[in-house]
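Keep in mind that this is a model prediction, so the values were computed, not measured. Proteins get letters first, then strands, A, B, ... in listed order; numbering begins at 1 in each.
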2 protein chains.
Amino acid sequence: MSALDKDDRALSQSDKALLALRELILNGELKADERISELSTVERLGVSRTPVRMALVRLEEEGLLESIATGGFAVKSFTEADIADAIEIRGTLEGLAARLAAERGVAPEALAAIQDCVEELDVCVRETAQNPEQFTQYLKLNARFHTMLIDLANSRGLVRQIERASTLPFASPSGFVMAQSVLPESRSILIIAQDQHRAVLDAIQKREGARAEAIMREHARVAHRNLQLALQSQRSFDLVPGGALIRRRATV
Amino acid sequence: MSALDKDDRALSQSDKALLALRELILNGELKADERISELSTVERLGVSRTPVRMALVRLEEEGLLESIATGGFAVKSFTEADIADAIEIRGTLEGLAARLAAERGVAPEALAAIQDCVEELDVCVRETAQNPEQFTQYLKLNARFHTMLIDLANSRGLVRQIERASTLPFASPSGFVMAQSVLPESRSILIIAQDQHRAVLDAIQKREGARAEAIMREHARVAHRNLQLALQSQRSFDLVPGGALIRRRATV
DNA sequence: TGAAGCAAAAATGTATACATAATCAGAAAA
DNA sequence: TTTTCTGATTATGTATACATTTTTGCTTCA
């Protein structure tokens with residue numbers, strides 16, 4: 001009857017296992033570099049081994065797990081360099097999307113729709129000054145902006161590939177937004193990022209492919225800066241989704 | 001006793017199913033946009049449904065299959081635009097690898113090793129003039145070159161992502177080499193590609209990141225030209241691996 | 001006290017049984 | 001002849017049983 005019940009009925013056991021497992025991993029409830037026991041997972045999730053197994057295979061393909069030589073899977077752990085590379089990869093692919101959109105041209109309606117999204121982001125950025133809870137709203141709008149931008153390239157394959165690149169939560173466009181929210185620099189970072197949102201649309205509209213590409217690459221590097229800032233502050237670091245998977249040099 | 005027997009023993013049923021299914025798909029023995037019957041597959045491969053199922057899930061994640069709304073999986077089909085995009089994506093990521101290698105610098109031994117590979121390619125290209133069978137050798141060396149180049153970036157994540165981008169056989173660096181071999185332009189294409197191999201290493205050695213990146217992007221576009229040529233000649237098209245998955249506009 | 005070996009327990013990989021949902025063929029009606 | 005409905009068949013999704021391998025913990029020996 002409730003939305004949850006409806007979801008429960010609609011979702012297959014395999015999907016349920018996939019979602020639940022992903023959450024357990026990102027929350028750090030399954031420790032990195034440790035084998036995931038299928039039996040305990042069965043007990044925890046209330047589904048049989050078969051769907052658990054399916055989910056494990058999918059998560060390995062996603063890059064969140066790695067297979068163990070003697071059988072089974074373990075949660076993967078990531079170094080700071082891994083994360084930096086992941087962000088750079090996403091930036092490169094989003095840059096490609098922006099360039100293709102600019103070069104191929106986009107329908108005026110699609111451009112208008114994403115420009116609306118930017119307007120909403122503008123309001124949101126302005127309001128964060130008084131209302132810090134706006135960050136969750138920013139998170140949503142920012143994710144929407146990135147999805148819409150990628151769609152402008154009109155390429156199935158590119159969407160797929162960028163989705164894959166953003167599977168690691170700290171590589172996704174929204175990865176460090178919450179972590180950033182507690183930093184003193186937070187407002188200026190928002191302003192800069194928002195300016196890049198506007199700039200890339202301008203470039204796309206003017207069919208300036210190289211510029212559009214360069215902007216999106218630089219835009220991703222905002223996340224990289226946030227990563228470094230987050231690593232310096234425990235309070236900020238705790239807000240990074242999937243933070244438990246990060247192998248830090250020194251635990252303070 | 002034979003190598004095959006040894007492999008058969010070493011390979012798990014799941015791996016066996018994965019390899020066999022991938023081959024069936026690429027050979028076109030499983031028709032595109034048609035559901036893959038698990039039961040018939042079980043009979044064909046001689047393994048039970050469980051490993052077949054695992055393989056199907058993996059192949060869906062790879063992008064070779066798509067799930068059907070009513071259950072099960074079907075072989076995906078690709079348009080010319082899909083393939084062009086896939087090649088552009090690979091070129092972009094290989095460009096990133098080359099740039100990172102140039103910017104970060106590479107160990108002299110690693111550079112020497114890949115330069116040896118280029119030397120071998122040189123010999124190979126020269127000999128194709130008299131000996132067309134050299135193309136299979138070129139295929140091997142070319143694949144090795146690309147693998148080694150990507151490794152120069154020293155990034156786990158990037159290797160993963162490029163592997164994924166090259167899963168579609170026609171997106172891989174070797175995808176159109178055989179198709180090219182029957183074209184009249186084949187020798188000049190080889191010479192151009194080989195020059196790009198040399199040039200990118202020169203750029204990496206001199207730490208010229210932007211140049212290294214641009215060269216690899218352009219290098220991928222050789223494959224794109226080969227695609228267009230191959231589409232014009234049935235004889236050439238038949239040599240494209242996974243050609244059965246390509247939805248052609250007009251079948252001649 | 002430490003290491004090595006062995007046995008018991010538990011884990012994974014595989015096969016298969018079962019339930020439910022989808023597909024297909026055929027009959028009946030328009 | 002075409003369409004629709006219904007029963008039968010077959011498909012997938014899930015659970016579970018079984019075999020083999022790995023892991024663990026205890027005992028024994030140096």
query = Taking the six-membered ring of A:Phe237, is NZ or CZ of A:Arg248 closer than 6.0 Å to its centre and within 45° of its axis?
reply =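 Geometry flag: set, cation within 6.0 Å and 45°.
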Write down the distance between [atom1] ([X]) and [atom2] ([N]), rounded to a whole number of angstrom.
| X | N | atom1 | atom2 | answer |
| --- | --- | --- | --- | --- |
| A:Asp15 | D:dT12 | CG | P | 17 Å |
| B:Glu34 | D:dA11 | CD | P | 14 Å |
| B:Met54 | D:dG13 | CE | C1' | 15 Å |
| A:Phe73 | C:dT12 | CZ | C1' | 10 Å |
| A:Leu39 | C:dA9 | CG | C1' | 12 Å |
| A:Leu18 | D:dT14 | CG | P | 12 Å |
| A:Gln13 | C:dT20 | CD | P | 13 Å |
| A:Ile68 | D:dT23 | CD1 | C1' | 12 Å |

key: Closest-nucleotide 5' rank along DNA chain D - winner of A:Gly71 and A:Pro51   =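 Between the two, 5'-proximity favours A:Pro51.
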Ignoring the backbone of [X], work out which of [options] is nearest its side chain.
| X | options | value |
| --- | --- | --- |
| A:Arg35 | C:dT12, D:dT16, C:dT16 | C:dT12 |
| B:Thr50 | C:dA15, D:dT12, D:dT14 | C:dA15 |
| A:Arg53 | D:dA11, C:dT12, D:dA15 | C:dT12 |
| A:Arg49 | D:dA11, C:dA15, D:dA17 | D:dA17 |
| A:Thr70 | D:dA11, D:dT22, D:dA15 | D:dT22 |

Could you verify whether a donor N or O on one side chain and an acceptor N or O on the other, from [X] and [Y], lie under 3.5 Å apart?
| X | Y | answer |
| --- | --- | --- |
| B:Ser40 | B:Ser37 | yes |
| A:Arg247 | A:Ser77 | yes |
| B:His219 | B:Glu94 | no |

request  = Considering just the side-chain nitrogens and oxygens of B:Ser14, establish if one lies under 4.0 Å of OP1 or OP2 belonging to C:dG13.
outcome  =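 So the side chain of B:Ser14 is outside the cut-off, no N or O lying under 4.0 Å from OP1 or OP2 of C:dG13.
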ask   = NA contact type, B:Ile36, heavy-atom cut-off 4.0 Å: base, sugar-phosphate, or nothing?
value =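 If one applies the 4.0 Å heavy-atom cut-off, B:Ile36 turns out to touch the sugar-phosphate alone, with no base involved.
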Side-chain donor or acceptor of B:Ser236 paired with backbone N/O of B:Ser233 under 3.5 Å =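 Between the backbone of B:Ser233 and the side chain of B:Ser236 there is no qualifying donor-acceptor contact (under 3.5 Å).
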